[in-house]
Amino acid sequence: MAYKRPRPSGTDSGGRVPTGGAHRLLRAAVRRSATRTAAILLCSVASAGAAVASPAVVGHTLDLLLDRQSDATSWVVLSAVLLTAEVFLDAAVALLTGVTNARSTAWLRTGALGRLLATSPDRASPLSPGDVATRLSVNATEAGTVPAAAAALSASLLGPAGAVIALLFIDVWVALAFLAGLPLLVLVLRAFARNSSDTVGRYQQIQSDIASRLLEALDGARTIAAAGIEDRERARVLQPLAGLDREGRRMWRIHGRAVANSQVLLPLLTTAVLGVGGIRLAAGAISVGELLAASRYAALAAGMGALAGLLGAIVRGRSAAARLVVLQDLPAVRHGEGTLPHEGNGTVALRGVTVVREGRTVLTDVHLVVPGGKTAAVVGRSGAGKSTLAAVAGLLTEPDEGSVLLDGVPLGSLARDRLRQEVAYAFERPVFLAGTVADAIASGARRASADEIRTAARAAGADGFVQLLPERYDSPVVGAPLSGGERQRLGLARAFAHAGRLLILDDATSSLDTATERQVDRALAQEVRPGTRLVVAHRISSASRADLVIWLEDGGVRAVGRHRDLWQDPAYRSVFAASEAPSEATPEAPADTAPAPQQAQPPRPVTADVVRGPAAGRAAR
């Protein structure tokens with residue numbers, strides 16, 4: 001099945017926030033914090049019970065005091081106990097809510113980050129760094145408030161419901177005076193919840209867009225300064241602010257309208273209750289204490305208007321969860337618990353490998369065997385699938401169809417640590433995390449020793465410039481004054497220090513000059529652990545020194561053979577002509593590979609180590 005890119009915005013094609021995945025994620029968050037949310041619910045229910053009981057107890061106490069009854073003292077004490085309990089229970093709810101929000105946010109954020117790191121890089125690439133940062137920070141925080149808000153919302157209904165029931169016990173006419181306006185309040189809250197969802201989703205997406213643009217500007221700060229386009233770039237980064245302002249104003253208008261309507265409606269209901277209660281008091285139907293209790297119950301029932309705040313938190317949390325679930329649903333690269341045979345020599349086999357990304361077939365039915373201990377160069381025009389083949393060969397990404405085997409063992413069946421100990425990568429633009437130069441080289445499935453670090457640095461031609469750094473190998477790698485070629489050599493040193501049966505170099509020498517590249521190539525053959533090498537190559541020199549060349553075209557294998565044999569094909573020569581000037585290409589070509597006359601079309605060379613599938617044969621023809 002073809003992989004479909006997740007919609008980064010967290011909205012469907014109509015701009016609406018899909019709720020299926022969000023509800024699933026929020027239910028999991030509620031289950032995760034079930035004990036704390038249950039405690040919030042219990043404390044909230046107890047607080048609501050105390051709040052419902054207090055008006056009746058206080059009103060009865062007032063009647064006893066007015067009548068100078070002897071048992072008034074015990075009712076005064078009971079009133080004080082209820083009021084004190086309500087205060088302490090509300091404090092406990094606030095504390096538990098803070099803890100629950102923090103724990104839920106941490107769980108959501110850690111889970112999303114874990115899935116992001118566990119997926120293949122190409123499947124996470126549609127999400128920009130700014131968008132990811134917004135989802136993991138702001139959106140995770142908003143989604144993390146939902147469990148506590150849901151518990152508080154459930155309990156908050158008990159207070160108004162109990163107050164209405166208490167009003168019925170005091171006097172039916174007083175209760176009807178309040179209930180007459182209740183449907184209007186329900187309509188206000190319903191309209192608020194319905195109208196807020198879309199606006200909140202769009203507001204969160206614009207926030208993410210601004211963050212992405214800002215990170216792009218920071219990453220290209222030197223280019224912006226050199227080009228003198230600071231004003232233009234500032235305008236580009238801030239361009240979505242108009243939309244953010246529009247959605248923010250609309251969001252707060254909806255919220256303000258709901259609050260204003262409820263704030264107008266609820267005092268009117270309370271006034272109606274007091275008016276009817278005064279009439280009933282004058283008629284002798286209720287006492288002064290009961291009128292006081294009715295006024296308190298009306299105020300408590302009017303607290304239903306505070307539900308707008310809790311509903312708003314849940315609406316924002318649901319929209320945030322819809323954006324966060326995009327990260328949670330990223331497919332993780334599957335690993336097993338298997339190991340490799342001890343006698344293996346690093347033979348790599350691709351059997352019917354097909355890779356589809358963004359609806360486009362990047363590799364098509366690739367059948368290929370790279371013999372153990374050999375160096376295979378992968379060549380082809382831009383977009384031919386070279387980097388994808390390199391990623392599939394080391395399980396940085398999974399094929400949609402087919403399988404990849406290392407020494408006869410499917411890569412997906414290997415334990416992650418075992419796989420990463422046997423497959424090392426070096427890239428065109430290596431990234432180094434915080435730490436020293438030694439840490440940058442040593443980091444991997446296992447930490448390389450000091451001797452391995454120094455040996456690998458010498459093999460990659462990095463030891464010379466590292467010795468010139470202020471603290472040599474103990475110099476901080478972040479911020480070190482390194483050129484592009486020096487960074488590449490550090491990346492090569494890291495790969496050499498962790499070289500196993502398979503070493504994959506994805507255009508990892510593109511910034512090196514020819515002399516340094518030859519030095520690295522000799523060291524790779526003599527000083528680095530022997531094994532199979534898969535080299536994504538753009539230079540003729542890299543292809544000419546390889547034991548085997550894999551020629552990709554339109555996602556399929558066009559041919560496999562020795563460089564000197566493939567050089568006879570004008571189409572093969574044109575692959576390098578696109579990336580190297582003719583004056584550079586000619587000296588790099590082997591002396592015995594002069595172009596054949598155009599009318600002589602040699603047969604396509606194929607080694608015995610290659611197994612071709614139907615698609616590869618069609619591509620060759």
Side-chain angles (χ1 to χ4, degrees), residues 9-12 16-45 47-48 90 92-115 132-159 189-190 192-205 207-208 247 251-252 254-255 258-259 304-329:
S9 66
T11 59
D12 61 20
R16 297 174 297 274
V17 177
T19 58
H23 288 163
R24 168 171 47 83
L25 181 61
L26 292 176
R27 283 195 298 269
V30 170
R31 287 194 299 270
R32 178 79 179 181
S33 57
T35 302
R36 290 182 292 275
T37 53
I40 292 173
L41 183 60
L42 289 175
C43 290
S44 299
V45 169
S47 177
D90 287 344
V93 169
L95 176 62
L96 288 168
T97 298
V99 173
T100 302
N101 289 346
R103 296 283 181 85
S104 299
T105 299
W107 180 75
L108 289 168
R109 186 173 292 151
T110 302
L113 180 60
R115 260 336 250 274
V132 170
T134 303
R135 292 173 195 260
L136 290 176
S137 55
V138 177
N139 297 152
T141 301
E142 292 176 331
T145 64
V146 171
L153 180 63
S154 301
S156 65
L157 294 173
L158 297 178
L189 296 177
R190 183 166 177 251
F192 168 73
R194 184 181 63 249
N195 296 332
S196 293
S197 181
D198 291 348
T199 299
V200 169
R202 288 191 291 268
Y203 186 88
Q204 291 170 341
Q205 173 54 32
Q207 280 183 315
S208 175
E247 296 301 333
M251 183 171 62
W252 287 112
I254 293 171
H255 184 270
V259 172
M304 191 176 295
L307 298 179
L310 293 173
L311 280 175
I314 292 176
V315 168
R316 290 191 300 272
R318 186 180 63 177
S319 297
R323 290 174 47 77
L324 196 63
V325 80
V326 172
L327 301 182
Q328 292 276 8
D329 286 349

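Heavy atoms only: backbone and side chains are in, while hydrogens, waters and symmetry mates are out. Just so you know, these numbers come straight off a predicted model, no measurement behind them.
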Can you tell me how far SG of Cys43 sits from CG of Leu95, rounded to the nearest 0.5 angstrom? 9.5 Å

In chain order, what residues pass the salt bridge (Lys or Arg N to Asp or Glu O under 4.0 Å) check against Asp90, with sequence neighbours excluded? none

For a quick test of reading the model, state the closest non-hydrogen atom pair linking Ala143 to Pro147 and the distance between them. O-CD, 3.9 Å

Can you see which heavy atom on Ala112 is nearest to which on Leu327, and at what distance? CB-CB, 3.9 Å

Return the minimal non-hydrogen interatomic distance between Ala151 and Ile40, and the atom names on each side. CB-CG2, 4.0 Å

Looking at OG1 of Thr37 and CG of Leu42, how far apart are the two atoms once the value is rounded to the nearest 0.5 Å? 9.5 Å

Mind checking what makes side-chain hydrogen bond (donor to acceptor under 3.5 Å, both in side chains) contact with Arg36, not counting sequence neighbours? none

For residues 101-108, which side-chain N or O atoms pair as donor and acceptor with protein atoms under 3.5 Å away, sequence neighbours left out?
{"unit_1": "Asn101", "atom_1": "ND2", "unit_2": "Thr97", "atom_2": "O", "d": "3.3"}
{"unit_1": "Ser104", "atom_1": "OG", "unit_2": "Thr100", "atom_2": "O", "d": "2.9"}
{"unit_1": "Thr105", "atom_1": "OG1", "unit_2": "Asn101", "atom_2": "O", "d": "2.7"}

Heavy-atom pair with the smallest gap, counting every atom of Leu324 and Ala140: CD2-CA, 4.1 Å

Step by step, work out the side chain to side chain contact (heavy atoms under 4.5 Å, CB included) result for Arg109 and Thr141. CA-CA 8 Å; Arg109 186 173 292 151; Thr141 301; 3.0 Å; yes

Return the CD to CG distance between Gln328 and Leu113, rounded to the nearest 0.5 Å. 10.0 Å

Quick check for you: to the nearest 0.5 Å, what is the distance between Leu96 atom CG and Ser44 atom OG? 8.5 Å

If you compare all heavy atoms of Ala321 against all heavy atoms of Leu25, which two are closest, and at what distance to 0.1 Å? O-CD2, 3.9 Å

To the nearest 0.5 Å, how far apart are CG in Leu136 and CZ in Arg323? 10.5 Å

Spacing of CG belonging to Leu26 relative to CZ belonging to Arg31, to within rounding of 0.5 Å: 10.5 Å

